[in-house]
Structure formats: structure tokens, C-alpha cells
Amino acid sequence: MRLKFIILLVFLPVCVMFAQEKTLSKEEAVVKVLESNFGIEIAERQVDIAENNASLLNSGYLPTLTGTAGATYNSSDTTTELPGQVDEDGNPRENINVNDAESQRYSAALNLNYTLFDGMGRFYNYKRLKEQYNLSTLQARETIENTMIQMFTVYFEIARLTENKNVQKQALEISTDRIQRSEYSFEYGQNTKLDILNAQVDMTNDSINLLNTEQQLANAKRDLNVVLNQDLNSQYAVDTTIVFLPKFQIVEFMDKAVTNNVAMLQTESNLTINDYDIKVSKSGYLPTLDLTGSYGWNRNQNPPSAFLTGTVFPGTNSIANSISLGASLTWNLFDGGSTTVSVKNAKITYSNQDLLRKQVELEVNRDMQNAMALYENLLKIYQIQEQNVFTNQNNFERSKEQFQLGSITSIEFRQAQINLLNAQTNKNLAKYDAKLAELQLLQLTGQLLNIEL
């Protein structure tokens with residue numbers, strides 16, 4: 001009774017968990033990671049910034065229009081002295097006082113500036129911004145590919161631990177059944193207490209191994225929840241089905257890797273950007289033609305004023321409108337050599353980028369060959385491990401029959417059980433290692449995002 005209680009404590013959490021879990025397919029995991037992963041979301045926002053930079057509003061092709069306006073108000077009191085002046089009757093004239101004399105001035109203007117020609121610098125800079133946007137999309141694609149590899153690494157680890165857990169559950173069931181058989185045999189005097197103790201020790205070890213695997217599985221699921229940006233306590237099962245691509249299809253992908261590999265495409269994009277940098281620098285040798293236009297409006301309201309004749313003239317009010325158009329040609333005939341230095345440096349940068357492109361191409365080809373060799377080797381190991389499971393399964397079945405007949409000892413039976421357990425877990429490891437190697441190879445060929453998994 002105590003033994004059954006222990007087994008119930010081991011299996012009950014597992015049963016409850018499976019009752020609540022739903023299967024998270026590979027396709028659903030891909031959709032979730034593309035929609036919710038923080039790294040991918042940040043990369044997409046960087047693409048948005050590059051797209052804004054590459055728009056017509058940031059090209060320099062549009063004119064600038066500025067408006068200005070101003071107003072001035074002034075109030076003053078003036079006293080005008082008229083020394084030596086007399087009126088018609090010969091009496092000295094009195095001083096003239098003008099109080100609260102107000103003056104107002106208003107102005108408004110619109111100024112239009114447009115660069116008609118700047119030595120083609122604006123043209124090539126606009127193309128450079130477009131290529132920068134293309135580069136940012138490639139960088140986002142690289143982030144997505146790396147995140148996908150990260151996601152599938154954890155996903156396959158969950159699948160491997162899930163299958164290992166099932167294998168260890170079977171091992172625990174076998175050990176439990178062995179205890180019961182040992183107890184029955186002991187009651188009928190067919191074996192000693194030592195057989196029961198050995199079976200209990202083996203069951204305890206199997207229980208501990210199962211608990212450790214379940215803990216590793218829970219940790220792996222939390223790791224995947226982080227990658228998918230979902231609740232850390234989300235529970236689910238994963239798809240343990242693995243399908244490998246035909247070899248001829250992978251070889252076809254490898255033949256086109258130079259034009260599809262994201263690292264190669266980034267070096268090509270950087271090379272194009274450096275070429276535009278050279279042309280932008282050369283624009284400093286050519287003149288610049290600017291067009292200007294303006295419209296102005298002015299209103300002046302002057303206060304009354306006194307003159308030496310002793311007469312006070314009333315204030316005046318004037319309004320003026322003005323339109324002006326102009327063009328200016330600027331040609332920096334000699335700038336001290338800075339343009340020449342910029343052109344030379346841009347050419348050197350282009351040459352360095354071309355060398356980097358050749359280096360990346362060589363490294364990509366090396367990485368693909370290494371990845372292909374690793375993939376083929378892991379596939380062979382997986383096939384060997386499958387055969388090894390078949391062999392150990394037959395050996396275990398025969399050992400089980402012999403053990404029940406009393407022809408072999410419990411130690412020999414346990415060894416056959418351990419051999420089968422190791423073969424099954426090694427096969428699981430080889431299967432998912434081979435699939436992950438296939439995905440890494442597909443990433444190098446630039447096809448990771450173009451296939452159905």
C-alpha cells in the first residue's frame with residue numbers, strides 16, 4: 001500500500017499536467033515568436049526608422065518654406081521748443097506738445113528656398129538612404145533567423161525531454177512491477193529479501209531520474225516562454241514529430257547560398273553604400289545652384305509730428321507689398337583639398353568592404369561545408385541509434401522472459417533495462433541534434449524562413 005502511494009505521488013502531477021496541456025505545434029511557435037519576441041520587435045522598429053530616413057521628406061529634394069512675422073508698438077510724448085519764432089501778432093510762439101503719440105509697425109514674409117542642383121550629391125545620398133533601408137531589412141532578417149534557431153533549440157529540447165520522460169516513466173513502471181513480482185516470489189520462497197531491496201533501490205533511482213527530467217522540462221518550457229514572450233507559467237505539450245528534408249534539396253540550396261545567405265547580402269549592401277559614398281564625396285567638385293523667392297508685407301503707422309514752423313502734422317499710415325525672385329550659383333573652386341581627401345578615403349573604405357565581402361564569402365562556404373558534414377554525421381548517428389534501440393528492445397524482451405523464468409538474476413535484468421533506457425535517450429538526443437543541425441545549415445543557405453518545418 002505504501003508503494004502504491006509513492007507511485008501515485010510521482011505520477012499524479014504528471015497526469016494533471018497532461019490533462020490541462022494543449023499541443024504547441026511548430027507552426028504556432030513560429031507565429032508566436034514572429035509576433036511577440038522582443039528582439040524581433042526591436043529589429044522591426046529599426047526597419048521603420050530606416051524607412052522614414054529613406055522617404056522623400058528626408059531626401060533634400062523638397063524646397064523649404066519659412067514664414068516670419070513681427071509687430072512693434074511705440075507710444076511717446078514730445079515737446080518741441082520754438083526759440084525766436086513769433087506769431088502773426090509778433091508774440092513769441094509757445095512750445096508744441098504732442099502727447100500719447102502712437103506708432104505701429106507690422107511685417108510678414110514668406111521665404112522659399114530650393115536647391116536646383118548640388119553636384120548630384122543629393123541624388124546619390126537619396127540612393128544611399130534607400131540602400132540603408134535595404135540593409136536594415138537584412139539585419140532584421142538576421143535577427144529573425146537567429147531568434148528562430150534559438151526558439152527551435154529550446155523547442156527541440158522540450159521535445160527531447162518529453163520523450164525522455166516517457167521513457168523514464170516506462171522504466172519506473174517496469175521497476176514497480178519488478179518489486180511486486182519480487183514480493184510475490186519472496187512470499188512463496190522463490191527468492192530472498194535482497195531481490196526486493198535491489199528492486200526498491202532501482203525504483204527509487206528511476207523515480208529520482210523522472211523527477212529531475214520533469215524539472216528540466218519545466219525549466220525548458222519557461223525558457224521557451226521567454227522567447228515567445230508569453231506567461232512564464234504557460235503549460236503545453238510540443239510536437240515530437242521530426243521530418244528531415246531530402247538531401248538533394250539541401251544541396252540545391254547550398255548551390256544558391258551566395259545569393260541568399262544573409263551575411264553575404266549584407267556585405268553586398270554595404271559595398272553599394274560605400275560606392276554611393278564615393279559619388280557623394282565627388283559632388284563637392286561641382287557647383288551648387290540655389291533658387292530663392294520671397295513675399296513681404298509691411299504696414300507702418302506713424303504718429304503726429306511737429307515742425308519748426310509750429311505746425312503739427314497728422315500721423316501717416318503706409319502699406320507695402322514686395323515680391324522677389326533670385327538665383328545663386330556657388331562653386332567652391334578650391335576647398336583646401338578636403339573634397340579630394342574625402343574621395344580618397346571613400347575609395348579606400350570601398351576597397352576594404354570588397355575585401356570583407358570576399359572574406360565573408362569564403363567563411364560562409366567553409367561554414368556550409370562544415371555544417372553539411374556535421375548534419376550528415378548526425379543523421380548517420382541517428383540511424384545507428386535507431387537500430388541500437390531496436391537491438392536493445394529485443395535484448396530487453398528476451399531478458400524479461402528469462403528473468404520471469406528465473407534464468408537470469410535481477411542485476412542482469414536491470415542491466416538490460418538500463419541499456420534500453422540509454423539507447424532510447426541517445427536516440428532522442430541524436431534525432432533532435434540532427435534536426436537542429438539541418439536548421440543551422442538551412443540558415444547558412446538563406447532558406448530557413450522559406451521552408452515548412
Side-chain angles (χ1 to χ4, degrees), residues 42-64 112-146 256-292 327-368 444-446:
I42 292 172
E44 289 175 345
R45 292 185 179 183
Q46 293 296 327
V47 173
D48 292 338
I49 292 175
E51 184 179 12
N52 293 335
N53 290 335
S55 67
L56 187 63
L57 297 176
N58 194 44
S59 65
Y61 274 107
L62 300 179
T64 60
L112 180 69
N113 294 280
Y114 181 67
T115 300
L116 186 64
F117 180 76
D118 67 344
M120 300 297 290
R122 175 178 53 186
F123 174 77
Y124 290 115
N125 187 61
Y126 185 49
K127 284 184 171 292
R128 184 184 188 279
L129 291 174
K130 289 289 187 182
E131 192 59 37
Q132 282 281 7
Y133 168 72
N134 181 50
L135 177 61
S136 69
T137 59
L138 292 173
Q139 292 170 341
R141 173 185 154 187
E142 183 180 27
T143 300
I144 293 173
E145 289 182 355
N146 291 335
K256 301 177 181 178
V258 174
T259 58
N260 294 322
N261 178 270
V262 69
M264 284 297 304
L265 292 175
Q266 287 187 61
T267 58
E268 293 288 351
S269 182
N270 279 318
L271 198 62
T272 302
I273 291 173
N274 293 144
D275 182 56
Y276 288 139
D277 286 339
I278 296 175
K279 294 175 180 178
V280 170
S281 298
K282 287 183 176 180
S283 67
Y285 290 129
L286 299 177
T288 300
L289 178 61
D290 294 317
L291 300 179
T292 59
S328 62
L329 179 68
T330 303
W331 197 338
N332 196 348
L333 299 178
F334 182 70
D335 60 357
S338 60
T339 299
T340 301
V341 172
S342 297
V343 172
K344 288 182 178 180
N345 290 340
K347 289 182 177 180
I348 294 173
T349 302
Y350 179 88
S351 178
N352 288 339
Q353 184 62 38
D354 188 47
L355 292 175
L356 179 61
R357 180 187 62 81
K358 295 177 181 178
Q359 179 184 353
V360 170
E361 182 177 358
L362 185 63
E363 291 175 348
V364 167
N365 287 327
R366 177 206 61 190
D367 293 342
M368 278 196 306
L444 289 170
T445 63

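The first residue of the sequence shown is numbered 1, and numbering continues consecutively from there.
A distance of 5.0 Å separates CG in L289 from CG in L116, rounded to the nearest 0.5 Å. Atom-to-atom distance recorded for Y114:OH and L62:CG is 8.0 Å, nearest 0.5 angstrom. With rounding to the nearest 0.5 angstrom, the OH atom of Y124 is 8.5 Å from the CG atom of D275. Atoms NZ and CG, on K279 and N125 in that order, are 13.5 Å from each other to the nearest 0.5 Å. With rounding to the nearest 0.5 angstrom, the CG atom of L138 is 10.5 Å from the CD atom of E268.
Taking 4.5 Å as the limit, every side-chain heavy atom of D290 sits out of range of all side-chain heavy atoms of N113. At least one side-chain heavy atom of R141 sits under 4.5 Å from a side-chain heavy atom of L265. Counting heavy atoms from C-beta on, the side chains of D118 and F123 never come closer than 4.5 Å. In this structure the side chain of L271 reaches within 4.5 angstrom of the side chain of Y350, judged on heavy atoms. The shortest distance between side-chain heavy atoms of I273 and L135 falls below 4.5 Å. L129 has its side chain out of reach of Y133: every pair of non-hydrogen atoms, C-beta onward, lies at least 4.5 Å apart.
V280 and G121 get closest at one heavy-atom pair: CG2-O, 3.9 Å. Closest of all the heavy-atom pairs between T292 and A327 is OG1-N, 4.5 Å. Between S342 and S281, the shortest heavy-atom contact is O-OG, 3.8 Å. Here the shortest heavy-atom pairing between L56 and Y126 reads N-OH, 4.1 Å. S269 and N134 get closest at one heavy-atom pair: OG-ND2, 3.9 Å. In terms of heavy atoms, L444 sits closest to A257 at O-CB, 4.1 Å.
For the pair R122 (side chain) and G60 (backbone), a donor-acceptor distance under 3.5 Å is present.
When the options N270, T272, I348 are evaluated for a side chain to side chain contact (heavy atoms under 4.5 Å, CB included) with Q353, the one that passes is N270.
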Hey, can you pull the donor-acceptor pairs under 3.5 Å for the side chains in residues 359-367, sequence neighbours left out?
{"residue": "Q359", "atom": "NE2", "partner": "E363", "partner atom": "OE2", "Å": "3.1"}
{"residue": "N365", "atom": "ND2", "partner": "E361", "partner atom": "O", "Å": "3.1"}

Less than 3.5 Å apart, which donor and acceptor atoms pair up between the side chains of residues 46-55 and the rest of the protein, not counting sequence neighbours?
{"residue": "N52", "atom": "ND2", "partner": "D48", "partner atom": "O", "Å": "3.3"}
{"residue": "N53", "atom": "ND2", "partner": "I49", "partner atom": "O", "Å": "3.4"}
{"residue": "S55", "atom": "OG", "partner": "N52", "partner atom": "O", "Å": "2.8"}

Problem - side-chain contact (heavy atoms from CB on, under 4.5 Å) between T339 and Y285, intermediate numbers included - result: CA-CA 7 Å; T339 299; Y285 290 129; 3.8 Å; yes
